[in-house]
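Note that the structure is a prediction, hence the values are computed from the model and not measured. Here, residue 1 is the first one in the sequence, and each next residue gets the next number. Just so you know, ligand 1 is whichever comes first in the structure, and atom 1 is the first atom listed for that ligand.
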Amino acid sequence: MRIVVAGARGQLGAAVVRECAPAHEVVPLARADLDIADDRAVAASIDPLRPDAIVNCAADNRVDYAEDHPVEALNVNAFGVRALAQAARRIGATLVHYSTDFVFDGASRSPYREDDRPNPIGVYAASKLLGEWFALDAPRAYVLRVESLFGRAEGGPKEKGSVATILDELRAGRAPRVFVDRTISPTYVIDAARATRRLLEATAAPGLYHCVNAGACTWLELAEELATRLGVEPRFDAVRMADVSFRARRPQFSALSTDKLAAAGIEMPPWRTALREYVTHASVYR
Ligand SMILES: NC(=O)c1ccc[n+]([C@@H]2O[C@H](COP(=O)([O-])OP(=O)(O)OC[C@H]3O[C@@H](n4cnc5c(N)ncnc54)[C@H](OP(=O)(O)O)[C@@H]3O)[C@@H](O)[C@H]2O)c1
């Protein structure tokens with residue numbers, strides 16, 4: 001299969017390239033190769049390649065910045081995805097696109113399912129929801145919602161997410177700041193990349209899937225597990241969401257159900273298993 005990966009130098013993009021490259025012809029396109037917000041550039045660079053699949057890992061993830069710069073967020077997260085969906089339609093390619101737990105408002109108390117109604121509470125979140133809709137307009141599209149990404153594929157960029165920050169703080173003997181009342185289903189990029197390859201190689205029905213590690217935890221529980229795995233003293237600066245002010249609001253409860261992906265034959269490993277693999281792996285690549 002020929003697979004074009006847009007945003008190939010990002011955290012997830014690098015993992016998808018690494019996962020798919022041994023078995024497929026992968027064309028990695030970094031931002032310098034293709035700006036997905038430029039419709040003409042999308043047509044000029046993707047159409048002649050005639051890929052079987054376009055995997056879009058490009059995104060503008062500046063959640064707080066987006067509140068005051070909505071057009072920048074929309075150009076990449078919504079209209080860039082529309083351009084890729086249009087290319088997929090023209091050339092008959094499968095489109096894989098990634099979205100986020102932030103499409104929900106966080107008011108639920110049970111894990112969100114794919115058919116739960118989104119209600120974004122910020123500009124970034126709204127731009128990502130629009131991107132989902134544009135992606136699903138492609139004749140054959142998989143939209144995979146991920147959240148709180150962690151992990152780094154060989155050759156990937158330096159990690160910058162919250163999990164990496166907690167890991168670094170714990171290793172340095174400091175007490176990382178963690179939320180006691182924000183619930184997430186974290187996503188190991190390596191597992192998300194594996195799921196992506198399996199979806200492309202299998203015959204699962206196209207559509208929207210939650211692609212996170214199975215289960216859910218608070219940030220404090222995640223940090224405790226990391227401390228255990230590292231064998232360091234579990235010292236934390238535990239805070240509540242109400243104690244911290246962000247420019248953009250975040251959902252307080254972001255557990256996502258992975259039942260639909262499991263029913264399609266792809267079981268996501270539990271988050272503790274993923275963290276264990278991450279800690280082992282991180283000592284090699286960080
Ligand atoms: N990270 C998370 O915790 C998280 C949570 C929920 C959902 N997601 C979603 O998961 C997907 C992958 O995220 P990630 O964490 O891997 O992001 P990332 O590391 O920030 O990578 C995104 C990549 O997209 C590139 N990019 C930005 N604007 C572009 C444009 N106009 N054209 C082409 N490339 C562009 C970036 O290049 P530059 O670095 O040069 O800007 C970067 O290489 C995204 O859809 C994201 O919204 C991520």
Side-chain angles (χ1 to χ4, degrees), residues 4-19 28-42 45-46 54-63 65-66 69 71-84 87 95-104 112 118 120 122-132 134-135 142-153 155-166 182 184-193 195-196 208-213 219 222 248 250-251 254 256 271 274 278:
V4 166
V5 180
R9 291 256 173 82
Q11 186 177 11
L12 183 56
V16 168
V17 170
R18 180 132 193 105
E19 174 67 28
L29 298 178
R31 186 184 193 155
D33 307 314
L34 172 63
D35 175 358
I36 66 162
D38 179 342
D39 290 22
R40 271 186 280 189
V42 168
S45 61
I46 293 191
I54 302 167
V55 180
N56 178 37
C57 298
D60 189 333
N61 290 326
R62 295 173 295 175
V63 175
Y65 180 85
H69 304 85
V71 176
E72 287 181 50
L74 284 167
N75 278 342
V76 182
N77 297 337
F79 304 128
V81 182
R82 183 181 60 181
L84 294 173
L95 177 65
V96 180
H97 174 64
Y98 301 91
S99 187
T100 168
D101 56 306
F102 276 33
V103 297
F104 295 116
Y112 284 103
V123 171
Y124 161 81
S127 74
K128 291 294 290 182
L129 181 61
L130 265 178
E132 289 188 357
F134 282 131
Y142 295 98
V143 172
L144 309 180
R145 288 188 184 136
V146 300
E147 69 173 290
S148 307
L149 284 180
F150 64 97
R152 174 174 182 245
K158 185 171 162 35
E159 253 192 278
K160 51 182 194 268
S162 303
V163 178
T165 304
I166 295 169
R182 176 152 199 266
I184 53 162
S185 295
T187 311
Y188 186 38
V189 281
I190 309 297
D191 288 332
T196 300
L208 178 62
Y209 290 90
H210 290 169
C211 182
V212 296
N213 282 110
W219 279 101
L222 182 146
R250 269 88 167 145
S254 281
L256 300 184
W271 64 269
Y278 170 62

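If you check which protein heavy atom lies closest to atom 29 (C) of ligand 1, you get R31 NE, 3.7 Å. Of all protein heavy atoms, the one lying nearest to atom 15 (O) of ligand 1 is L149 CD1, 3.4 Å. At the top of the distance list for atom 22 (C) of ligand 1, counting protein heavy atoms only, stands C57 O, 3.6 Å.
The residues D60 and R31 are annotated as not salt-bridged, no charged nitrogen and carboxylate oxygen being separated by less than 4.0 angstrom.
Interface of N61 with ligand 1, defined as ligand atoms under 4.0 Å from a residue heavy atom, comprises 13 (O), 14 (P), 15 (O), 17 (O), 18 (P), 20 (O), 46 (C), 47 (O). Counting atoms of ligand 1 from 1 in the listed order, those under 4.0 Å from a heavy atom of S148 are 3 (O), 5 (C). When each atom of ligand 1 is checked for a heavy atom of R9 under 4.0 Å away, the hits are 43 (O). Within ligand 1, counting atoms from 1 as listed, the ones closer than 4.0 Å to a heavy atom of S99 are 7 (C).
With a 4.0 Å cut-off on non-hydrogen atoms, A30 does not touch ligand 1 at all. Under 4.0 angstrom from ligand 1, there are no non-hydrogen atoms of R145. With a 4.0 Å cut-off on non-hydrogen atoms, D35 touches ligand 1 through its backbone as well as its side chain. When non-hydrogen atoms are compared, ligand 1 lies under 4.0 Å from the backbone of A59 as well as from its side chain. Residue L34 touches ligand 1 through its backbone alone, judged by heavy-atom distances below 4.0 Å. Of all the heavy atoms of K128, the ones lying under 4.0 Å from any atom of ligand 1 belong exclusively to the side chain. Here I36 has heavy atoms under 4.0 Å from ligand 1 in both its backbone and its side chain. Using a 4.0 Å cut-off between heavy atoms, Y124 contacts ligand 1 through its side chain alone, with no backbone atom that close.
Put simply, atom 36 (C) of ligand 1 has no protein non-hydrogen atoms near it, under 4.0 Å away. In this structure, atom 39 (O) of ligand 1 is not in close contact with the protein, since no protein heavy atom lies within 4.0 Å of it.
In this model, no donor atom of one side chain and acceptor atom of the other lie less than 3.5 Å apart for Y98 and E132. No side-chain N or O of E147 forms a donor-acceptor pair with one of T187 less than 3.5 Å apart.
Residue Q11 places at least one N or O, backbone or side chain, under 3.5 Å from an N or O of ligand 1. Polar contact check, L12 against ligand 1: a nitrogen or oxygen pair lies under 3.5 Å apart. Residue V76 has no N or O atom closer than 3.5 Å to an N or O atom of ligand 1. For ligand 1, the polar-atom distance check finds an N/O of Y98 within less than 3.5 Å of one of the ligand's N/O atoms. Looking at D101 next to ligand 1, no N or O pair under 3.5 Å apart turns up.
In this structure, OH on Y278 lies 3.5 Å from CD on E159, to the nearest 0.5 angstrom. Here L29 contributes atom CG and S45 contributes atom OG; the two are 6.0 Å apart, rounded to the nearest 0.5 Å. Note: N213 CG to L256 CG = 11.5 Å, rounded to the nearest 0.5 Å. Atom CZ of residue F79 and atom CG of residue L130 lie 6.5 Å apart, to the nearest 0.5 angstrom. Rounded to the nearest 0.5 angstrom, Y124 OH and N77 CG are separated by 6.5 Å. Here OG1 of T100 is found 12.5 Å from CG of L144. Values are rounded to the nearest 0.5 Å.
Partners of D35 under the salt bridge (charged side-chain N to carboxylate O under 4.0 Å, His left out) rule, at least two apart in sequence or in another chain, do not exist in this structure. Partners of A125 under the side chain to side chain contact (heavy atoms under 4.5 Å, CB included) rule, at least two apart in sequence or in another chain, are F102, P120.
Contact analysis leaves H97 out of contact with ligand 1, as no non-hydrogen atom separation drops below 4.0 angstrom.
Side-chain contact between V212 and R145: absent, with no pair of heavy atoms (C-beta onward) separated by less than 4.5 Å. Within the 4.5 Å cutoff, the side chain of V143 has no heavy atoms near those of the Y209 side chain. With contacts defined as side-chain heavy-atom distances shorter than 4.5 Å, the pair F150/P186 qualifies.
Closest heavy-atom approach to atom 24 (O) of ligand 1 among the candidates A58, G131, G10: A58. Taking each of V146, T100, V42 in turn, the one with a heavy atom nearest to atom 9 (C) of ligand 1 proves to be V146.
Within a 6.0 Å radius of CZ in R182, more than 12 heavy atoms belonging to other residues, nucleotides or ligands are found.
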